[in-house]
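Note on naming: letters A, B, ... go to the chains in the order of the sequence lines (proteins, then strands), and numbering restarts at 1 for each one.
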There are 2 protein chains.
Amino acid sequence: MSRAETSRRGGRSSRAGIRDVAAAAGVSITTVSDALNGKGRLPDATRRHVREVADRLGYRPSAAARTLRTGKSGLIGLTVTTYGDEPFTFTEFAYFAEMARAATSAALARGYALVILPATSRHDVWSNVALDGTVVIDPSDQDPVVSELVRQGLPVVSDGRPAGSLPVTAWVDNDHEAAVLGILDHLADAGARRIGLLTGTTTDTYTHLSTTAYLRWCERVGQDPVYEAYPAHDPCAGAVAADRLLARPDRPDAVYGLFDPNGTDLLAAARRYGLRVPDDLLLVCCSESTVYANTEPPITTLSLKPRRIGTAVVQLLIDAIEGVDSEQPVEQVIPTELIVRTSSQRRPPRTTVSPPRSPENR
Amino acid sequence: MSRAETSRRGGRSSRAGIRDVAAAAGVSITTVSDALNGKGRLPDATRRHVREVADRLGYRPSAAARTLRTGKSGLIGLTVTTYGDEPFTFTEFAYFAEMARAATSAALARGYALVILPATSRHDVWSNVALDGTVVIDPSDQDPVVSELVRQGLPVVSDGRPAGSLPVTAWVDNDHEAAVLGILDHLADAGARRIGLLTGTTTDTYTHLSTTAYLRWCERVGQDPVYEAYPAHDPCAGAVAADRLLARPDRPDAVYGLFDPNGTDLLAAARRYGLRVPDDLLLVCCSESTVYANTEPPITTLSLKPRRIGTAVVQLLIDAIEGVDSEQPVEQVIPTELIVRTSSQRRPPRTTVSPPRSPENR
DNA sequence: TGACCATGCAGAAACGTGTCTGTCAACGCG
DNA sequence: CGCGTTGACAGACACGTTTCTGCATGGTCA
């Protein structure tokens with residue numbers, strides 16, 4: 001007791017520890033711990049007394065000590081794949097921003113916090129933070145980071161179905177093939193005769209699945225594929241690719257762009273070539289941005305529902321962390337949403353096509 | 001030694017600890033720690049030997065134990081102000097996304113990781129994570145979180161100059177008054193006779209400083225202020241406010257919008273009223289989005305340079321954490337950048353639009 | 001040859017918490 | 001009255017590091 005008092009380094013500099021609270025309340029360390037965590041069997045009077053003393057001393061339990069003892073840190077890693085020199089692209093596109101935001105909210109609601117980590121990092125950064133689990137966005141084939149984490153016994157949940165035989169604990173994804181087929185059918189219904197695709201050169205599963213779905217659709221309906229691919233992380237390359245697509249001799253009369261900026265790029269290219277949208281060219285792109293509601297004309301977009309994905313990923317991960325053997329499948333598919341606007345309707349109905357939605361789309 | 005061996009809970013489940021490495025290498029714990037951290041005075045042979053054994057065992061030091069011992073976690077909190085029910089708005093606007101991205105990169109480069117935390121949270125989330133310091137975006141007046149953190153002795157650096165007497169360690173901001181004055185002068189030079197403002201109803205310093213700068217400019221040049229204010233977090237309200245501004249009897253012939261979506265909203269409203277941009281209406285808005293390079297017409301934007309701000313904030317914070325008494329001032333002002341496009345030039349320069357190239361160019 | 005220092009390494013004390021084990025008193029019951 | 005049981009709490013250990021202190025050894029110099 002007096003030892004606990006004097007073992008403090010003389011000064012009052014250090015924050016109050018559990019020993020100080022115990023001494024001030026006249027009880028033992030065990031009682032303090034039990035009282036604050038609601039664990040043991042204590043009379044309410046003691047519990048209240050200890051809590052009041054702790055508040056008065058401004059006691060905050062040490063997160064490091066708690067983590068060391070319990071083995072749980074309450075931290076979840078959030079990893080995004082990287083392109084080029086920048087440590088990560090994070091929010092090149094609105095998708096990541098929305099997804100990360102939803103994931104953070106969901107984690108917070110269950111008492112966890114998110115740590116942003118780069119996929120390509122030296123081990124020192126990763127091992128410097130105690131994680132309970134990790135969310136991986138779009139893991140690449142044979143991702144070494146994922147393998148290492150799984151080897152350490154940490155749960156890993158991925159946004160995007162893992163390529164190859166990546167041993168993730170669970171994953172969440174859209175049905176990209178169904179989404180692309182739906183869009184192509186939608187465009188064909190609107191009168192498109194030759195549908196082009198603006199796609200990427202990267203090998204992630206989203207690009208791959210979408211492109212092969214397009215190719216298979218073309219084969220089925222007997223249309224020659226018309227597409228341009230470009231490195232998706234380079235916005236300038238996107239504008240150039242959009243221009244090239246509309247400059248082709250076999251110019252498409254409808255285009256689906258896989259990436260967020262494709263809409264404005266295609267619109268600008270169409271203007272350069274004197275093509276009217278939707279009269280001469282139908283347009284759809286995959287985007288989470290609200291700007292496409294106010295462009296001239298408004299552009300039909302496919303939403304991957306990143307909010308729902310981010311939430312689902314975190315729920316799955318925390319369930320795995322806390323050992324809740326959820327009976328749900330470890331693979332979860334989130335439906336996409338096609339927001340139909342003027343750009344994909346050859347004969348725009350004079351009624352408001354999409355009812356004025358509230359900003360809150362749940 | 002044999003005790004360390006048998007004290008492991010029998011199974012091989014647990015990860016290898018420093019004791020296991022020491023035993024396997026035939027040295028003491030001290031030697032292992034020194035060898036891996038490059039601390040003590042050891043012959044290179046021993047150092048190499050220990051490192052090799054550690055690698056072979058897949059040894060990863062426990063971040064929790066290290067944090068508990070050293071008092072440094074390598075974690076930096078990132079807090080953004082919240083509106084309404086959602087835990088935070090994070091990336092309502094591209095600004096936050098860019099800023100957070102730059103901050104993460106800068107932190108990673110110095111061996112730190114960022115933890116996303118909400119400003120309005122119960123203490124349990126905050127005290128569950130051991131932070132070395134915190135970045136606060138746009139702290140509100142008398143922010144209780146900031147006060148609490150400072151009281152605990154943690155460095156706090158804010159993005160946005162702190163309102164009131166908030167005791168932050170340092171802050172970084174733009175010179176918003178100068179930026180607004182520069183835009184107003186730019187618009188006046190382009191021939192604007194009556195400049196309107198689209199502003200917010202919130203009380204953050206950005207909105208406040210920008211609005212007062214506008215009002216003072218109006219007073220100086222003898223123009224009646226023409227502005228509409230709306231809750232900036234509600235995108236629908238922004239569209240409505242833009243419409244209202246252009247529907248006024250004293251309709252402005254130039255508008256500056258303080259928030260990111262104002263550009264497209266104003267453009268849509270102008271179209272509704274048959275106003276041509278820039279002939280009938282000059283337009284500038286504050287945005288980090290690249291979509292304004294490809295709108296019709298392209299819109300002049302003011303960039304707050306969030307990348308530079310995010311980097312500067314983190315550098316300042318880590319300097320404070322590591323006790324680098326930087327001789328730099330604790331207040332750092334980042335210059336803004338006006339990206340002049342067609343929408344703010346009454347006589348658009350003869351931009352050589354790339355002519356429709358022949359389809360044959362490969 | 002003894003004093004002294006540099007070198008290479010081991011032992012043990014923290015860091016602050018959660019929790020297992022155990023003690024002590026009171027109490028019901030035969 | 002003896003004894004098992006239960007409630008309320010204290011003591012002590014473990015979590016896995018970092019680091020302070022200290023011991024042995026061998027070489028150098030007076």
Problem - salt_bridge(B/K72, B/E322) N-O dist < 4.0 Å - result: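 Here B/K72 does not pair with B/E322 in a salt bridge, since their nearest N and O are not under 4.0 Å apart.
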Problem - Listed nucleotide nearest any side-chain atom of A/R19, set C/dA10, C/dC9, C/dG16 - result: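 When the side chain of A/R19 is considered, C/dG16 is the closest of C/dA10, C/dC9, C/dG16.
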Problem - Nucleotide of C/dG16, C/dG18, C/dC9 approaching A/S33 most closely (side-chain heavy atoms) - result: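 Nearest to the side-chain atoms of A/S33, counting from C-beta on, is C/dG18.
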Practice task
Looking at every strand, decide which applies to B/I29 at a 4.0 Å heavy-atom threshold: base, sugar-phosphate, or nothing.
Solution key: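 Touches a base.
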Exercise for the section: Determine the contact category for A/T70: base if any of its heavy atoms lies under 4.0 Å from a base atom, sugar-phosphate if only primed atoms, P, OP1 or OP2 are that close, otherwise nothing. Expected result: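 Sugar-phosphate contact only.
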Problem - Between CZ on residue A/R69 and CZ on residue A/R66, distance to nearest 0.5 Å - result: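 Those atoms lie 12.5 Å apart.
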Whole-Å distance between [N] [atom2] and [X] [atom1]?
X      : N      : atom1 : atom2 : answer
B/N128 : C/dG16 : CG    : P     : 17 Å
B/N37  : D/dT17 : CG    : P     : 10 Å
A/L36  : C/dT17 : CG    : P     : 10 Å
B/D34  : C/dC9  : CG    : C1'   : 9 Å
A/R69  : D/dA12 : CZ    : P     : 16 Å
B/I18  : C/dG11 : CD1   : C1'   : 14 Å
A/D20  : C/dG16 : CG    : P     : 9 Å
A/D44  : D/dA8  : CG    : C1'   : 13 Å

Below the 4.0 Å mark, does [N] have OP1 or OP2 next to a side-chain nitrogen or oxygen of [X]?
X     : N      : result
B/T46 : C/dC9  : yes
B/S28 : C/dC9  : no
B/T31 : C/dG8  : no
A/R66 : C/dG18 : yes

Handout entry: Nearest heavy-atom neighbours spanning B/A106 and B/Q315
Key =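 So the minimum-distance heavy-atom pair works out to CB-NE2, 4.3 Å.
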Exercise for the section: For residues A/R161 and A/D173, report the shortest heavy-atom separation together with the two atoms involved. Expected result: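 Reported closest heavy-atom pair: N-OD2, 2.9 Å.
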Handout entry: Polar pair under 3.5 Å, donor/acceptor by atom type, side chain A/T30, base D/dG11
Key =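 Indeed, a donor on one side and an acceptor on the other fall under 3.5 Å apart.
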Handout entry: B/W171 (side chain) donor-acceptor with B/V156 (main chain) under 3.5 angstrom
Key =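 Between the backbone of B/V156 and the side chain of B/W171 there is no qualifying donor-acceptor contact (under 3.5 Å).
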Problem - Contact nearer the 5' end of DNA chain D, comparing B/L68 with B/K39 - result: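 Residue closer to the 5' terminus by nearest nucleotide: B/L68.
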